[in-house]
Amino acid sequence: MGTHEAVNNIIRLVGGAENINKVWHCMTRLRFDLIDDNKVEQAEIKKVPGVLGAQLQSDQFQVIIGPKVNSWYEQMLAALGGETTSSATSEKGRKSLVSLFMDTVSGVFGPIVPAIAGAGMIKGLLAGLIALGAVPAKSDTVIVIDLIASGVFYFLPFFLAVSAAKIFKTNEYLAAAVAACLMYPSLIEAAKALASHAPDAVNAFWFLNAIPVSVFNYSASVIPVIFSVLALSYIHRWVDSFMPDALKTVFTPTLTLFLAALVALVVIGPLGIWLGKALAWFIEGLFGVSASFAGLIVGAIRPVAILTGMHHAMTPIALQNFSDRGYDMLMPMMFMANMAIAGSTFAIWRLSRARNDKSVAFSAAVSALLGITEPALFGVLTRYKKAFIAATLASSLASAFIAFFGVRLYGYILSSIFSLPAYIGPYFIFALLGVALALVISFVLTTLLLKRDEV
């Protein structure tokens, strides 16, 4: 069965195109917002060749594909006639706040992950080369490589604005225009002057001498632009509802942009900054209790979060940490979780006797080493609860270990074995030891907990 046929079968088994309200994808999953979940034939979907698993999570139906998900998504778009949303009314009622949050985060970040992952890898390799003395830190070569790597993160609000506009079903170019207001040089320069305590620095500009526009540096920020585009979607529909048809072409975008930008600058932007800081402070609070304690908690919940599709919730926190502190300690823990999952899957491979099972387990384990864990989780570990528990324990212990020694990253990067050069520096040896611990503990625990005849 080819991909085209498999995609058509999935559409049929989720209730047909008329039952799909919205479909999008992240790194490894097709995600559906369905009108009626009862029409889904989940057991049959799992039998479709190429499908690694399927589940209903937080009012969202997920079909796990793996690294080829983008190809499947493009073929699904073609099968649906290029439409990713339906005009039909959902029968499920209002979604919970958690469901809405997860839909939003996964939908916004999924399409832009290749850009931030690619730039993050370049940034990590550059940091490793500088730490090894392979290139002078102040050379022109470093400047060129850094601008290639840092451009995505500095202008991240533009990427988020376009992606969020697709999720919130509003004009992508108006969304980019709102992001441009947040990124305008006069605002960023004022924020830098305020941060450096310049004598002529101001903490706000006054619109009409009455409304304060707080000074913040929104470059690399996440939450302000997402919520600003959400507000834009409502403002655009409201303006369009009363604007006469003869004036809509010119005055609808004019009034929409003015109001949305003003709301973003005065209300949502500052609130988003503080909300992002609050999320980071919460994680920082765990580290305040104990770095090892934070590692234990984050390491333990990470495999479960991936399994339920909620792992994207950590991405905004990590990006906020990079923006506020210049480094992040969460992503190394995500790295440990991936290595632990790989270790348990390698143990299953070793214990398996059937040639087909060994082949599946080995390819899934290698995929986990490369940062894609869904094949291992859904294709292998969900079949063996003891192996999943072993991976979770190893993830928790390895994360606690690296947190104790302060292992951190200075740029977003995929949690892959090839990400190790990004850790080169004072924490490199502890990162290496953490990877070794995650792989060895998960492999040994899985081997001890599972008997060969259970596999």
Side-chain angles (χ1 to χ4, degrees), residues 1 3-66 68-111 113 163-170 226 229-230 233-234 237 304-313 374-375 377-379 382:
M1 181 185 292
T3 304
H4 178 71
E5 187 179 351
V7 164
N8 284 329
N9 280 338
I10 290 174
I11 293 173
R12 175 177 57 82
L13 293 169
V14 297
E18 64 277 4
N19 193 43
I20 300 174
N21 186 46
K22 182 169 63 178
V23 59
W24 66 103
H25 72 94
C26 59
M27 287 289 286
T28 54
R29 311 174 193 217
L30 292 171
R31 295 171 180 257
F32 294 85
D33 177 14
L34 300 174
I35 296 168
D36 184 1
D37 293 333
N38 295 320
K39 294 182 178 180
V40 176
E41 298 180 46
Q42 187 168 325
E44 293 301 314
I45 290 175
K46 290 180 179 179
K47 297 177 183 177
V48 175
V51 171
L52 300 173
Q55 63 180 5
L56 183 65
Q57 181 69 38
S58 301
D59 291 328
Q60 183 187 104
F61 186 66
Q62 304 172 4
V63 179
I64 297 90
I65 304 299
K68 296 181 179 179
V69 67
N70 188 59
S71 172
W72 284 55
Y73 175 72
E74 289 176 356
Q75 294 203 41
M76 180 158 288
L77 283 187
L80 294 172
E83 293 292 329
T84 61
T85 59
S86 167
S87 59
T89 303
S90 174
E91 299 173 7
K92 294 187 290 186
R94 288 185 174 273
K95 288 189 174 185
S96 67
L97 288 176
V98 173
S99 299
L100 285 172
F101 175 74
M102 292 312 305
D103 280 2
T104 301
V105 171
S106 63
V108 170
F109 278 97
V113 162
S163 186
K166 294 179 180 179
I167 297 298
F168 300 135
K169 303 175 187 176
T170 193
I226 292 177
V229 175
L230 175 61
S233 68
Y234 285 101
R237 286 194 288 270
V304 178
I306 299 172
L307 196 64
T308 59
M310 299 182 70
H311 52 300
H312 288 292
E374 276 82 356
L377 279 171
F378 289 94
T382 52

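- The shortest side-chain heavy-atom distance between Leu13 and Val48 falls under the 4.5 Å cut-off.
- Scanning both residues, Pro49 and Ala6, for their nearest heavy atoms gives O-CB, 4.0 Å.
- By the side-chain contact (heavy atoms from CB on, under 4.5 Å) test, Ala165 pairs with Thr170, Glu172, Ala175, Val229, sequence neighbours left out.
- Taking both residues in full, the closest heavy atoms of Trp24 and Phe32 are given as CZ3-C, 4.3 Å, listed atom of the first, atom of the second, then distance.
- Taken to the nearest 0.5 Å, the CE atom of Met76 stands 11.0 Å off from the OG1 atom of Thr3.
- Side-chain atoms of Val108 and Ile226, non-hydrogen and from C-beta on, do get closer than 4.5 Å to each other.
- Note: Tyr73 OH to Leu80 CG = 9.0 Å, rounded to the nearest 0.5 Å.
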Show, in sequence, the C-alpha distance, side-chain angles and deciding distance for Ile65 and Val51, and conclude whether the side chain to side chain contact (heavy atoms under 4.5 Å, CB included) test is met.
CA-CA 5 Å; Ile65 304 299; Val51 171; 4.2 Å; yes

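- With sequence neighbours excluded, no residue satisfies salt bridge (Lys or Arg N to Asp or Glu O under 4.0 Å) with Lys46.
- Every residue two or more places apart in sequence or in another chain that forms a side-chain contact (heavy atoms from CB on, under 4.5 Å) with Glu74 is listed here: Asn70.
- Rounded to the nearest 0.5 angstrom, Lys169 NZ and Arg237 CZ are separated by 8.5 Å.
- For Glu41, there are no side-chain hydrogen bond (donor to acceptor under 3.5 Å, both in side chains) partners two or more places apart in sequence or in a different chain.
- Residues Leu34 and Ile20 have side chains in contact (heavy-atom distance under 4.5 Å, counting atoms from C-beta outward).
- Checked by atom type and distance alone, the side chain of Gln60 never pairs as donor or acceptor with a backbone atom of Arg31 at under 3.5 Å.
- Separating the CZ atom in Phe61 from the CG atom in Leu30 is a distance of 10.0 Å, to the nearest 0.5 Å.
- Closest of all the heavy-atom pairs between Ile11 and Ala17 is CG2-N, 3.7 Å.
- Between Ile10 and Trp72, the closest side-chain pair of non-hydrogen atoms falls below 4.5 Å.
- Partners of Arg12 by side-chain contact (heavy atoms from CB on, under 4.5 Å), not counting sequence neighbours, listed by chain and number: Asn9.
- Defined by atom type and a distance below 3.5 Å, a donor-acceptor pair is missing between the side-chain atoms of Asp36 and Asn19.
- Taken from CD in Gln75 to NE2 in His4, the straight-line distance is 7.5 Å, to the nearest 0.5 Å.
- Put simply, CD1 on Ile167 and NZ on Lys22 are 5.0 Å apart, with the number rounded to the nearest 0.5 Å.
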